[in-house]
Engineer: 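Please find one structure pasted underneath; my questions will follow.
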Amino acid sequence: MTNKELIRVQNYKKSFGDKTVHRGVSFSLYKGECLGLIGGSGSGKSVILRSLIGLEKPDEGEIIFQSQNIAALPENDLLEVRKKIAYVFQGGALFDSLSVYENLAYPLREHTKLAENEIAQKITSLLAEFGLQGNEHVMPAELSGGMQKRVGLARAIIMNPDVVLYDEPTAGLDPYNTIRIQEMILELKKKGVTSILVTHDMPTATAVCDRMALLVKGKIVFEGNLTEIKNDEDDPVFRFVNGKEVSK
Ligand SMILES: Nc1ncnc2c1ncn2[C@@H]1O[C@H](COP(=O)(O)OP(=O)(O)O)[C@@H](O)[C@H]1O
Ligand SMILES: [Mg+2]
């Protein structure tokens, strides 16, 4: 990890109707790190991730990536951003009517000029890398939830993004698939992929994240290294991690 800032979220504010979700969220994502974005259900974690690829707009505030404010970019420029920043949806979001192979081939056919044999090579090596070989012709519905998520993650990174946003990638998974997902995240980190992991799964966050940002009532109340989390009943991160109510 270097301390080069890759993304800066600055004073992000967002309401839906009369419900205020974010009251001025600010944090940085540094090149090469995995940042754990944690917070209770409904605290707005997914809204932040969606905003990083322009699927949601803040009412106020900026998201700076490569000297551009993502929050103000037109749709055309967002398509370019989405090639560099991949969002792994909560459910994996595979196309039900396409086989695993066709799901993985889709972004390559859509966004690259690779020949079919090059596409086949890329898919074979990616599946092998993540222990998914032999599933090329399987339909998503025939896969377990854990396998669907692993294939979804493979599809999200097939375009070699600089940044991967994981939205609760281990939610509802058994320990076996949880560990496989952790390994995928660590493998990508080794290759220099920068990431944000939104999760409630503290063992996974501890295993893969370099730093944590804790979202409480529309603000980041802690941003820092896991080793800084003290055994302190008044510390919001300690409280959150240990299942106690976080009031401030
Ligand atoms: N498109 C939307 N319209 C209305 N409310 C929304 C929308 N998206 C999110 N919200 C609300 O914003 C809050 C934060 O949502 P979300 O980011 O999904 O939370 P989290 O991912 O932390 O569980 C929730 O109360 C949710 O109901
Ligand atoms: Mg969410």
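Remember, it's 1-based here, ligands and their atoms both numbered in the order they're listed.
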Engineer: For the pair Asp210 and Lys189, evaluate salt bridge (charged side-chain N to carboxylate O under 4.0 Å, His left out) and give the outcome as yes or no after the intermediate values.
Structural biologist: CA-CA 10 Å; Asp210 303 291; Lys189 195 163 93 172; 3.2 Å; yes

Engineer: Check the orientation of His137 and Tyr101. Use parallel for under 30°, tilted for 30 to 60°, and perpendicular for over 60°.
Structural biologist: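 Because their plane-to-plane angle is under 30°, the rings of His137 and Tyr101 count as parallel.
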
Engineer: Are Ser41 and ligand 1 in contact, using a heavy-atom cut-off of under 4.0 Å?
Structural biologist: yes

Engineer: What part of His22, side chain, backbone, both or neither, has a heavy atom within less than 4.0 angstrom of ligand 1?
Structural biologist: neither

Engineer: Considering both backbone and side-chain atoms of Phe16, is one of its nitrogen or oxygen atoms within less than 3.5 Å of a nitrogen or oxygen in ligand 1?
Structural biologist: no

Engineer: So, is Ser46 polar-close to ligand 1, with some N/O to N/O distance under 3.5 Å?
Structural biologist: yes

Engineer: Salt bridge check, Glu110 against Lys83: does any charged N sit closer than 4.0 Å to a carboxylate O?
Structural biologist: no

Engineer: Assess Ser46: does it contribute an N, O or S atom lying under 2.8 Å from the Mg ion (ligand 2)?
Structural biologist: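 Yes, Ser46 qualifies, because one of its backbone or side-chain N, O or S atoms lies under 2.8 Å.
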
Engineer: For ligand 1, is Lys14 a contact, meaning one of its heavy atoms is under 4.0 Å away?
Structural biologist: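 No, Lys14 has no heavy atoms under 4.0 Å from ligand 1.
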
Engineer: Find all atoms of ligand 1 within a distance of less than 4.0 Å from any non-hydrogen atom belonging to Lys19, and give their numbers and elements.
Structural biologist: 24 (C), 25 (O)

Engineer: Can you list the atoms of ligand 1 that are under 4.0 Å from a heavy atom of Val21?
Structural biologist: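 That gives atoms 12 (O), 13 (C), 14 (C) of ligand 1.
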
Engineer: Restricting to non-hydrogen atoms, name the atom on Leu98 and the atom on Asn103 that form the minimum distance, rounded to 0.1 Å.
Structural biologist: O-ND2, 3.0 Å

Engineer: Taking only heavy atoms of Arg50 into account, list the atoms of ligand 1 that are under 4.0 Å away from them.
Structural biologist: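 Counting atoms of ligand 1 from 1, those under 4.0 Å from Arg50 are 8 (N).
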
Engineer: Closest heavy-atom contact between Lys244 and Phe238?
Structural biologist: CE-CE2, 4.4 Å

Engineer: State, to 0.1 Å, how close Leu52 and Val81 come at their nearest heavy-atom pair, and which atoms those are.
Structural biologist: O-CG1, 4.1 Å

Engineer: Start with the C-alpha gap between Arg155 and Phe95, add the side-chain angles, then the distance that decides, and say whether side-chain contact (heavy atoms from CB on, under 4.5 Å) holds.
Structural biologist: CA-CA 11 Å; Arg155 190 183 60 181; Phe95 300 116; 3.3 Å; yes

Engineer: Heavy-atom contact check, 4.0 Å cutoff: does Gly40 meet ligand 1?
Structural biologist: yes

Engineer: With a 3.5 Å cut-off and no angle check, do the side chains of Thr199 and Tyr166 form a donor-acceptor pair?
Structural biologist: no

Engineer: Looking at ligand 1, is there an atom of it that comes within less than 4.0 Å of some heavy atom belonging to Glu168?
Structural biologist: no

